[in-house]
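Just below is one structure, and these are the notes that go with it.
Reminder, nothing fancy here: chain letters follow the sequence lines and each chain counts from 1. Computed from a predicted model, the values in this text were never measured in an experiment.
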Number of protein chains: 2
Amino acid sequence: MGRTQGSRAEVTGPLIRDAARRLFARHGYAAVSMRQIAAEVGVQVGTLYAYTADKQALLADLLREHMQDLLASWQDDPDLPPPARLDRFVRFHIDTSLDHADGVFLSYMELRNLTPDNHAEITGLRRDYENALQHILDAGVAAGAMRIADARLTTMALIAMLTGVTNWYRAGGRLDRDALHAHYCALVRGAVGA
Amino acid sequence: MGRTQGSRAEVTGPLIRDAARRLFARHGYAAVSMRQIAAEVGVQVGTLYAYTADKQALLADLLREHMQDLLASWQDDPDLPPPARLDRFVRFHIDTSLDHADGVFLSYMELRNLTPDNHAEITGLRRDYENALQHILDAGVAAGAMRIADARLTTMALIAMLTGVTNWYRAGGRLDRDALHAHYCALVRGAVGA
DNA sequence: GTCTATACTAGGATAGAC
DNA sequence: GTCTATCCTAGTATAGAC
């Protein structure tokens, strides 16, 4: 494969991260070798180390980037009635989970492979995201529009339920994206008594 | 560590599986070496191969055993009203998820590391378990005791929600097991309109 | 920026002694 | 049933040429 091809740093960097994200998600961080990632991109192993200090940094970068994108993408609208805000969150979380399935999967499966510093940073970002949902639930209770016995527990339960859509939903199957949204919105509204 | 100690097959076999289950769950199948497992048990590497054909068979055995235990432990009572059956399932699933957290975690995380044959077998068992919940939901709808738009989707959503308890619940914290059961039963009943 | 070559470590699995 | 010793492969990471 003598694919010597000169410099193209702007393209190789993202390609490496795309390949790593896909391979890590599919086989697990520990099961993927730097050689595999290089082969997927079409470069030699040594080249990877021009873009990342080591394998651990590559993983940490992927998770940090994912969580930051997630937080930046979510735009709450506090002026809406709480049940409508909740519907928007449900749709947002389902769409993100399906459209960035690899990143979502990595962000809760490969935490254990982070160094303590990286681990603390990523779980902090995740906590921020959970709080975005919890704020909606708190507002719903305050407005008398929801019945929730424990907002923290309910937050964790709902996020697990929504993220779980990646375990079974396949595009092109029985349900389209709109039907999916509608069904999950109904389940969530029922769970919180909205 | 010259721990030569003669034969004791009856104890070593289970010890190997306990160690493997714990290590696989904590670090991931690919990240755990046979040497680590041996060290945890207190034997030499070669000894492991008197109990398992290879690392893959060790994983497959753990998952099969877990799913079979799960299916054998669940005893439905079709004579109860559907909402009461559902409550029993919720308690059962939460208790199992917390009491056998390593097995539960492995059974949905390490499927990807199974050979195709083993994979098909384990997912078949898992499907049986999902159907146990779905039967309750179907009965609830038939009896007019639940409002469910899509029983399959609801089954998957509820199982994800319940299993997610392992992500955040810690014994000795704010909530005891009874409170946990009560909160999740309320969420589930709300979701299915019971 | 990328490649080739290589140092060094660790992995899964097996053979044969006790 | 267990241990010791070993084979062979594959891993991460680095050095130096182009």
| Nearest-nucleotide pick for B:Thr12, side chain only, options being D:dT14, D:dT2, D:dG11 | D:dT2
| To the nearest angstrom, how far is A:Leu48 atom CG from C:dT4 atom C1'? | 15 Å
| query | Which pair of heavy atoms, one from B:Ala157 and one from A:Tyr184, lies closest together, and at what distance? | reply | CB-CE2, 3.7 Å
| Closest listed nucleotide, where the reference is the side chain of A:Thr47 and the choices are D:dA13, D:dT6, C:dT2 | C:dT2
| field | Given D:dC3, C:dG12, D:dG11, the nucleotide with the shortest approach to the side chain of A:Arg35 | value | D:dG11
| note | Nearest-nucleotide check on DNA chain D, A:Ala31 vs A:Gly46; residue mapping nearer the 5' end is A:Ala31
| query | Between D:dA13 atom P and A:Gln36 atom CD, what is the distance in whole Å? | reply | 15 Å
| Of all the choices, D:dT12, C:dA13, D:dT2, which nucleotide is nearest to the side chain of A:Lys55 once you look at every atom? | D:dT12
| Between C:dT2, D:dA13, C:dA13, which nucleotide has the shortest distance from any of its atoms to the side chain of A:Met34? | D:dA13
| Considering only side-chain heavy atoms of B:Ser33, which listed nucleotide, C:dG11, C:dT2, D:dT2, is closest? | C:dG11
| task | Determine the minimum heavy-atom distance between B:Ser97 and B:Thr166, stating which atoms define it. | result | O-CG2, 3.3 Å
| request: Take atom CD of A:Gln56 and atom C1' of D:dT12, then tell me their distance rounded to the nearest Å. | output: 13 Å
| query | Rounded to the Å, how far apart are B:Asp54 CG and C:dG11 P? | reply | 17 Å
| request: Answer yes or no: is there an ion pair linking A:Arg177 with A:Asp95, defined by an N-O contact shorter than 4.0 Å? | output: yes
| request: Please collect all ring pair (Phe, Tyr, Trp, His ring centres under 6.0 Å) contacts where either partner lies in residues 80-99 of chain B, sequence neighbours excluded, each pair once. | output: B:Trp74-B:Phe89, B:Trp74-B:Phe92, B:Phe89-B:His93, B:Phe89-B:Tyr129, B:His93-B:Tyr129
| Value in whole Å for how far the P atom of C:dA10 lies from NE2 of B:His27 | 16 Å
| said: Regarding B:Asn113 and B:Gln56, do their side chains bring together a donor and an acceptor under 3.5 Å, going by distance alone? | reply: no
| Once you round it to whole Å, what is the distance between P of C:dG11 and CG of B:Asn113? | 16 Å
| message | If the cut-off is 4.0 Å, is B:Gln44 near the phosphate of D:dT4, judged by side-chain N/O to OP1 or OP2? | response | yes
| field | Protein-nucleotide distance (B:Ile16, atom CD1; C:dA13, atom C1'), rounded to Å | value | 15 Å
| request: May I have the distance from B:Leu59 (atom CG) to C:dG12 (atom C1'), rounded to whole angstrom? | output: 15 Å
| query | Hey, is the side chain of A:Tyr49 poking within less than 4.0 Å of OP1 or OP2 on D:dT14, counting only N and O atoms? | reply | no
